[in-house]
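Have a look at the structure below, then the notes.
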2 protein chains.
Amino acid sequence: MATSPLPPPPDTAAPDVGTQAVFENTAPAFSPLYQQIKTLILRSLQAGEWKPGDMIPSEFDLAARFRVSQGTVRKAIDELATDNLLVRRQGKGTFVATHAEAHTQYRFLRLLPDLGTLEDQGRAERQIIECRRLRAPAEVARQLALRTGDAVLQVKRVLAFGGTPAIVEELWLPGGPFKGLTLETLSDDQGPMYALFETQFGVRMVRAVEKIKAVSADEDAAALLEVSAGSPLLSVERLAFTYNDEPMELRRGLYRTDARHYRNELS
Amino acid sequence: MATSPLPPPPDTAAPDVGTQAVFENTAPAFSPLYQQIKTLILRSLQAGEWKPGDMIPSEFDLAARFRVSQGTVRKAIDELATDNLLVRRQGKGTFVATHAEAHTQYRFLRLLPDLGTLEDQGRAERQIIECRRLRAPAEVARQLALRTGDAVLQVKRVLAFGGTPAIVEELWLPGGPFKGLTLETLSDDQGPMYALFETQFGVRMVRAVEKIKAVSADEDAAALLEVSAGSPLLSVERLAFTYNDEPMELRRGLYRTDARHYRNELS
DNA sequence: CAGTGGTCTAGACCACACT
DNA sequence: GTGTGGTCTAGACCACTGC
């Protein structure tokens with residue numbers, strides 16, 4: 001239990017765990033060991049020590065590294081797995097979750113066809129309308145935790161299924177982390193946009209919040225979605241976050257729901 | 001570890017656990033012990049052995065009853081707690097979840113004001129429009145797993161906040177479990193409808209699925225919601241389930257979203 | 001104080017994947 | 001077979017609640 005074959009040398013640098021909470025120095029707030037371990041793993045994820053798709057060290061190795069029992073590491077990993085930050089695969093190992101895998105693709109897309117195979121009626125056909133670099137309007141800046149006027153990227157695109165347009169959306173991305181993103185980058189890419197963000201910009205979207213309203217189609221949206229102006233559309237405003245609850249994308253979408261619906265599970 | 005002070009006598013009746021899976025007699029499907037315990041607890045919940053709000057036996061007692069270790073019971077309860085079927089309270093015990101508590105009220109209602117205190121701007125003002133007993137239309141029957149023509153209850157009501165109507169909805173309930181439900185029962189009651197269902201009919205809603213669309217207000221809805229005909233409204237169709245994934249309520253709602261929005265978290 | 005859930009450990013063994 | 005995650009146990013101790 002005492003050896004520590006990984007980065008932190010045997011008796012220093014590694015968080016030293018006595019019998020109970022370690023960082024209980026100042027605040028009287030009690031923090032369980034497994035929570036601290038969870039934080040340390042999270043930190044390694046943020047720092048990019050393990051990238052999306054990578055296998056992280058085994059529970060035993062991590063236990064040695066952090067000087068705790070395997071069961072404690074297990075509980076930390078369990079929680080990270082239920083948060084969809086890690087994926088466990090029995091017999092293989094534990095991996096950093098990614099949007100690039102078939103089974104987790106379009107994890108955030110809740111628009112489904114009313115009828116037929118929920119699975120897939122054709123891949124989504126994507127078309128980028130424009131990609132501009134500009135200064136953040138006040139409201140966009142506020143939501144992305146930037147200052148008004150900071151550089152941002154604005155992307156507009158249309159998604160269609162089986163030739164019928166279904167979604168028109170506008171994305172706002174902070175200019176810093178997404179430096180170098182162009183219309184060509186986006187257009188050339190196949191696969192989910194969040195997968196591109198991971199591989200090209202090292203940004204992994206972890207969770208998101210959506211605000212949904214019913215609105216009437218304006219002229220522009222009506223034309224792009226091939227409906228008549230004034231038709232009811234679903235307005236979906238999404239704020240997506242990366243590891244440290246940092247907002248990293250603001251997305252405003254209009255969904256056609258005449259033959260599809262937004263599905264949500266409550267529990 | 002061997003005593004069994006609860007209902008099942010010492011050496012019989014209680015599921016007998018050797019070293020591994022118990023019910024592994026016919027199917028080669030492997031089922032972990034804690035999963036079997038989870039099923040047994042679930043069965044007791046369905047049978048009404050413990051009712052919403054009740055405290056269930058301690059982990060130790062359950063461990064003795066099922067002849068497994070306390071840690072195994074713990075894992076079973078953990079999962080039931082994350083499914084919101086049970087609620088753990090340190091120092092006190094583990095309780096059957098209920099819709100009747102302040103902190104879990106309106107757990108399934110996702111409509112929030114765009115501005116101001118998310119907490120509450122006044123209680124919801126509810127008004128029952130009608131409550132009829134009739135024969136299930138085909139589509140309603142299908143969704144509630146009944147036969148077309150079976151007895152069902154149809155309830156219509158309006159919800160308002162601060163004097164402004166926000167939701168008009170129509171509920172369909174199976175006639176059997178809800179025998180005796182009348183307009184008076186519903187109107188007299190304060191508090192969430194799902195709480196009433198628990199206390200009066202022993203029906204606890206556990207989870208639900210919603211299908212959301214944008215639609216135009218027809219004359220009736222427009223009048224009730226005090227908007228002009230043709231205004232965009234959010235159509236929310238909810239199918240709610242009780243313990244055994246039995247569908248128990250079909251609800252079709254129209255939401256005004258001019259000053260409110262449907263909030264959803266993705267992860 | 002006793003009773004409850006919460007944390008942590010150590011070790012044994014099972015199931016699964018790869019080589 | 002070896003290495004990984006998954007299950008189960010037994011026991012010790014901590015934290016919170018209420019008598």
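First the proteins, then the strands, lettered A, B, ... as listed; each starts at 1.
If you measure from atom CZ of R88(A) to atom C1' of dC16(C), you get 14 Å, rounded to the nearest angstrom. Q70(B) places its CD atom 11 Å from the P atom of dT4(C), with the value rounded to the nearest Å. In this entry the distance linking CG of L33(B) with P of dA15(C) reads 12 Å, nearest Å. Between R74(B) atom CZ and dT4(C) atom P the separation is 13 Å, expressed in whole Å. Rounded to an integer number of Å, the gap from F66(B) CZ to dT9(D) P is 13 Å. Atom P of nucleotide dG5(C) and atom CD of Q90(B) are separated by 10 Å, given to the nearest angstrom. Regarding Q35(B), its CD atom lies at a distance of 13 Å from the P atom of dG6(D), rounded to whole Å. Atom-to-atom, CD1 of I56(A) to C1' of dG5(D) comes out at 11 Å; the value is rounded to the nearest Å.
R89(B) has no side-chain polar atom (N or O) that falls below the 4.0 Å cut-off from OP1 or OP2 of dT17(D). Between S58(A) and dG3(D) there is no side-chain N or O to OP1 or OP2 distance below 4.0 Å. An OP1 or OP2 oxygen of dT9(D) is reached within less than 4.0 angstrom by a side-chain nitrogen or oxygen of T72(B). Between K92(A) and dG5(D) there is no side-chain polar atom (N or O) within less than 4.0 angstrom of OP1 or OP2.
Checked by atom type, the side-chain pair Y34(B)/D78(B) shows no donor-acceptor distance below 3.5 Å. Side-chain atoms of Q105(A) and Y194(A) include no donor-acceptor pair closer than 3.5 Å.
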Practice problem: Could you give me the CA-CA distance, side-chain angles and deciding distance for L266(A) and E210(B), then say whether side-chain contact (heavy atoms from CB on, under 4.5 Å) is met? | Solution: CA-CA 8 Å; L266(A) 308 176; E210(B) 293 190 330; 3.5 Å; yes

Self-check item: Residues M193(A), L186(A); criterion side-chain contact (heavy atoms from CB on, under 4.5 Å); working and verdict
Solution: CA-CA 8 Å; M193(A) 194 175 283; L186(A) 290 167; 4.1 Å; yes

Self-check item: Y255(A) and E169(A): CA distance, side-chain angles, deciding distance, side chain to side chain donor-acceptor pair (under 3.5 Å) verdict
Solution: CA-CA 9 Å; Y255(A) 295 8; E169(A) 55 191 0; 4.7 Å; no

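Counting only residues at least two apart or in different chains, ring pair (Phe, Tyr, Trp, His ring centres under 6.0 Å) contacts with residues 38-64 of chain A are absent.
Here dT9(C) is the nucleotide among dC16(C), dT9(C), dG6(C) with the atom lying nearest to any side-chain atom of S69(A).
Take the nearest nucleotide of DNA chain C for Y34(A) and for G91(A): the residue whose nucleotide is more 5' is Y34(A).
Here E59(A) lies in heavy-atom contact (under 4.0 Å) with sugar-phosphate atoms only. Among the atoms of the strands shown, none is found under 4.0 Å from any heavy atom of F60(B).
Inter-axis angle, ends of the helix from dC1(C)-dG18(D) to dC18(C)-dG1(D), five pairs per end, rounded to 10 degrees: 10°.
Checked options T94(A), V96(A), L86(A); the residue passing with L80(A) is L86(A) (criterion: side-chain contact (heavy atoms from CB on, under 4.5 Å)).
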